[in-house]
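Below, each value reflects all heavy atoms present in this structure, side chains not excepted, and no hydrogens, waters or symmetry copies. Note on naming: letters A, B, ... go to the chains in the order of the sequence lines (proteins, then strands), and numbering restarts at 1 for each one. Note that this is a predicted model, so its numbers are computed, not measured.
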Amino acid sequence: MSEAASVARLPGFRDFPPEALADRERIFEAWRRVSRRYGFVEYDGPPLESLDLYIRKSGEEIVGQLYEFTDKGDRQVALRPEMTPSLARILAERSRALPKPIRWFSIPQLFRYERQQRGRLREHFQWNVDVVGEADTGADAEVLAVGLDGLRALGLGAEDIVARVSDRLLLTALLEAEDVPPGSHPAVFQVIDKLDRGGAEGAGARLRDDAGMAASAADRLLDLIQEGSVERVRSMYGDRPVVAGRLEAMTAYLSDLDALGLGDFVQFDLGIVRGLAYYTGIVFEIFDRERSLRAICGGGRYDRLLELVGGEPLPAVGFGMGDVVLAELLEEKGLRREYRASIDAFVIAASPKEHHLALEVAAALRARGHDVSYALRSHTVRKQFKMAASAGAVAAIVLGPREVEEGMVGVRDMRSGEERSVALADLRAGRGLADG
RNA sequence: GUGGGCGUAGCUCAGGUGGUUAGAGCGCCAGGUUGUGGCCCUGGAGGUCGCCGGUUCAAGUCCGGUCGCUCACCCCA
C-alpha cells in the first residue's frame, strides 16, 4: 500500500473498473439515445486546448480553476474545463457551410483544478447539447426538452427533478426599471446566485451595500425572486416595453415546453442566474426536488460567443450536464442498475479430449455474433460450471465423450437448470441457443 | 486557499483505560473421487493497522506532522 501510494490515482480523478464503467455507460447510452431522438449529431474536440480559448470567453471564475501548464513547445495550454468554447471554435471554422439550425451534442471529459467535494471532482464527463443558428425561443425549449428527456430516460420523473428557468435579459430589464446602473448588475447577479445556497439573510443589505440599490427596490427584487411568477412580473413591470417583450418570449418558451409534455418539470424562477459570463438570454438549471445535491444541469442562450471567437455571428443555446451529480441522484433514487457480467454461452469440455472441440464450437458461435467463453485450461466439470455461473453465462454447452460420439451436445439453461440435447451440427449452424 | 470529521485485509467493519503470533462477515483461491453451477462443508492466500516522526520497557491504540478521503466555506463546469 505504501509502495502503491506513490503511484496512486490523482486526487479528484476516477478509475472505472467494470462495475463503475457499466454505470457510466448506462448514462452515456441514455444521453446518446435521447440526443439522436431529437435529431442531434455527435461531435468531439481535443481535450487539450490553447489557454487563450478560455481567457475572456468564460469569465474569470472558470479561468481561475483551469488545469493549465506550458507544453514542451512553450505553448500555454489548458485541459478543457467546458466544451462550449471548443464548440464555438469548431463552428467558427465551418458554420457557414452548415445548414441551420445546427444541432450538435458531445460527451467530453472536462477538467478543472480545484478541491473536490460532493458532486465535484477534478474531472467529469459532461453531456453538451447545443442548437446554433436559431434565435427563437423554440430553440431554447428544444434544448431544455432534450436535457429533461435525457433524465427521464434514466428513470427520473417530475417528482424527482425540476428545471428552474429564468432570463438574464428580463432580469436586466427589471434592474433598469429600478434604476440600478449597469455597472452594478454583476454585483446583483452575484447576490441572487448566492441566495439559492441559503444566503437569504443579509441579501437585502448586500444589494444595498454592494450593488447600491435603494432599500425599497432591493425588497421588491428579493420578493419577486422568492415569489415570482410571469404574471406577477407583468403586473409590476409590464408597462416597460423591454420587460413586456421578454415576458412574451418566456411565455412562448414555457408553452412550447408544455406542448412537449414537460410542463410539470419546469418552473419560472428569477433566482437562477448562472455564473458564466457569456449567457445572453434564457438560462436554466435542473435540480433534484429535494435539493440535497447541487445543480444537475445548467445552460442557456449565448448569442454572442461565436463571434467572440471569430466566427459568424450566430445565436446559440445549449446546456451541460455532468455525470457525477447525476450518478449521485440516481443512486439516491435507487435507479442505479446493478452490474452483472453476462455472456451467451460457456462451453464445457467434460474431459481434456473435448478441449479443442470446445474451442471450435466457441469460434463458430462467436462468428455468429454470440458472446462465448470457456475454461482456458483443463478443469473438472464441476469447476467449469462454477466458472460458467460467475461469467454470467445464459447457457452452458457441455461436450461429453458419449454425446459427442453421437454428434450431440448438452445445452443447459443456467437459470432453470434444464438441459436438453442438441445436435452439434445444429449448434454450429447457429441453432440450439435460445436466441440463436 | 480556509476550517471540521475520518483513514485497520479487495469490500463492510470489530479491536474498554497502550501489553504476547491484529480479528469477523462478504469476496477471492484450492478442495469436497468416477461428467454438472447457484446452497452447504473444509482448507488457504491476503494487512509494515495511510505515511513519517515523537512519548514509552511496550502504540492499531497517546502526541505532532504529512498525505488521502469526506463535509462545509470560497466558487461553480
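- A gap of 35 Å separates the P atoms of rC63(B) and rA45(B), to the nearest Å.
- If you measure from atom CD of E405(A) to atom C1' of rG35(B), you get 15 Å, rounded to the nearest angstrom.
- Put simply, CG on L293(A) is 15 Å from P on rU70(B), counting in whole angstrom units.
- Among W127(A), Y38(A), Y43(A), the single residue meeting the ring pair (Phe, Tyr, Trp, His ring centres under 6.0 Å) criterion with W104(A) is Y43(A).
- E123(A) places its CD atom 17 Å from the C1' atom of rC76(B), with the value rounded to the nearest Å.
- I397(A) places its CD1 atom 14 Å from the C1' atom of rU36(B), with the value rounded to the nearest Å.
- Across every strand in view, rA30(B) sits in a pair with rU42(B) that passes the Watson-Crick or G-U test at under 3.5 angstrom.
- Separating the CG atom of L376(A) from the P atom of rC29(B) is a distance of 13 Å, rounded to the nearest angstrom.
- Judged by the 6.0 Å and 45° rule, R122(A) forms a cation-pi pair with Y113(A).
- Following rounding to the nearest Å, L66(A) (CG) and rG1(B) (P) show an atom-to-atom distance of 16 Å.
- Here G322(A) lies out of heavy-atom contact (under 4.0 Å) with every strand.
- Nucleotide rG3(B) is matched to rC71(B) when pairs are restricted to Watson-Crick or G-U wobble geometry with both distances under 3.5 angstrom.
- A gap of 9 Å separates the P atoms of rA14(B) and rG7(B), to the nearest Å.
- G12(A) comes within 4.0 angstrom of sugar-phosphate atoms only, judged by non-hydrogen atoms across all strands, and of no base.
- Contact between the side-chain N/O atoms of R382(A) and the OP1/OP2 oxygens of rG37(B) is found at a separation under 4.0 Å.
- In the set rG35(B), rA77(B), rG37(B), rG35(B) carries the atom at the smallest distance from any side-chain atom of V398(A).
- For the pair R164(A) and F287(A), the cation sits on the ring face: its NZ or CZ lies under 6.0 Å from the ring centre, inside 45° of the axis.
- Closest to the side chain of K386(A), out of rA30(B), rC76(B), rG37(B), is rG37(B).
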For this session: Check the pair R24(A) / D323(A) against salt bridge (charged side-chain N to carboxylate O under 4.0 Å, His left out), numbers first and verdict last.
Result: CA-CA 8 Å; R24(A) 184 178 113 183; D323(A) 69 314; over 6 Å; no

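- Comparing the P positions of rC39(B) and rG35(B) gives a spacing of 23 Å, expressed to the nearest Å.
- In a base pair of the Watson-Crick type (N1 to N3 plus N6-O4 or O6-N4) or a G-U wobble (N1-O2 and O6-N3), with each distance short of 3.5 Å, rC13(B) is matched with rG23(B).
- Here, rC13(B) and rA30(B) have their C1' atoms 27 Å apart, quoted to the whole Å.
- Using cut-offs of 30° and 60° for the angle between ring planes, the Y302(A) and Y279(A) rings count as perpendicular.
- The listed nucleotides are rG37(B), rA77(B), rC76(B); the one nearest the side chain of Q190(A) is rC76(B).
- Across the strands present, rU48(B) finds no partner; the criterion is a Watson-Crick or G-U wobble pair with both atom distances under 3.5 angstrom.
- Within the nucleic acid shown, G410(A) has no heavy atom closer than 4.0 Å to any nucleic acid atom.
- Nearest nucleotide to the M414(A) side chain, out of rG37(B), rC69(B), rA77(B): rG37(B).
- Note on E285(A): nothing from the nucleic acid sits closer than 4.0 angstrom, heavy atoms only.
- Nearest to the side-chain atoms of F385(A) among the listed nucleotides rG35(B), rU36(B), rC75(B) stands rU36(B).
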Problem set entry | salt bridge (charged side-chain N to carboxylate O under 4.0 Å, His left out) evaluation trace for E123(A) with R14(A) | CA-CA 8 Å; E123(A) 145 277 317; R14(A) 297 169 289 174; 2.6 Å; yes

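- OP1 or OP2 of rC75(B) has not a single side-chain nitrogen or oxygen of R120(A) nearer than 4.0 Å.
- Nucleotide rC76(B): unpaired (no Watson-Crick or G-U wobble partner with both distances less than 3.5 Å).
- For Q116(A), a side-chain nitrogen or oxygen approaches OP1 or OP2 of rU70(B) to under 4.0 Å.
- rC62(B) is paired with rG54(B) under the Watson-Crick or G-U wobble criterion, all donor-acceptor distances under 3.5 Å.
- For the residue pair Y253(A)/D167(A), the side-chain donor-acceptor check at 3.5 Å is not satisfied.
- Nearest to the side-chain atoms of R115(A) among the listed nucleotides rC75(B), rA72(B), rG38(B) stands rA72(B).
- When rounded to the nearest whole Å, the span between CZ of R80(A) and P of rA77(B) equals 17 Å.
- Here the separation of rC29(B) from rG18(B), taken at their P atoms, is 42 Å to the nearest Å.
- Separating the C1' atom of rC26(B) from that of rC6(B) is a span of 23 Å, rounded to the nearest Å.
- Going from atom NZ of K383(A) over to atom C1' of rU33(B) covers 18 Å, rounded to whole Å.
- The side chain of R412(A) lies closest to rG37(B), out of rG35(B), rC76(B), rG37(B).
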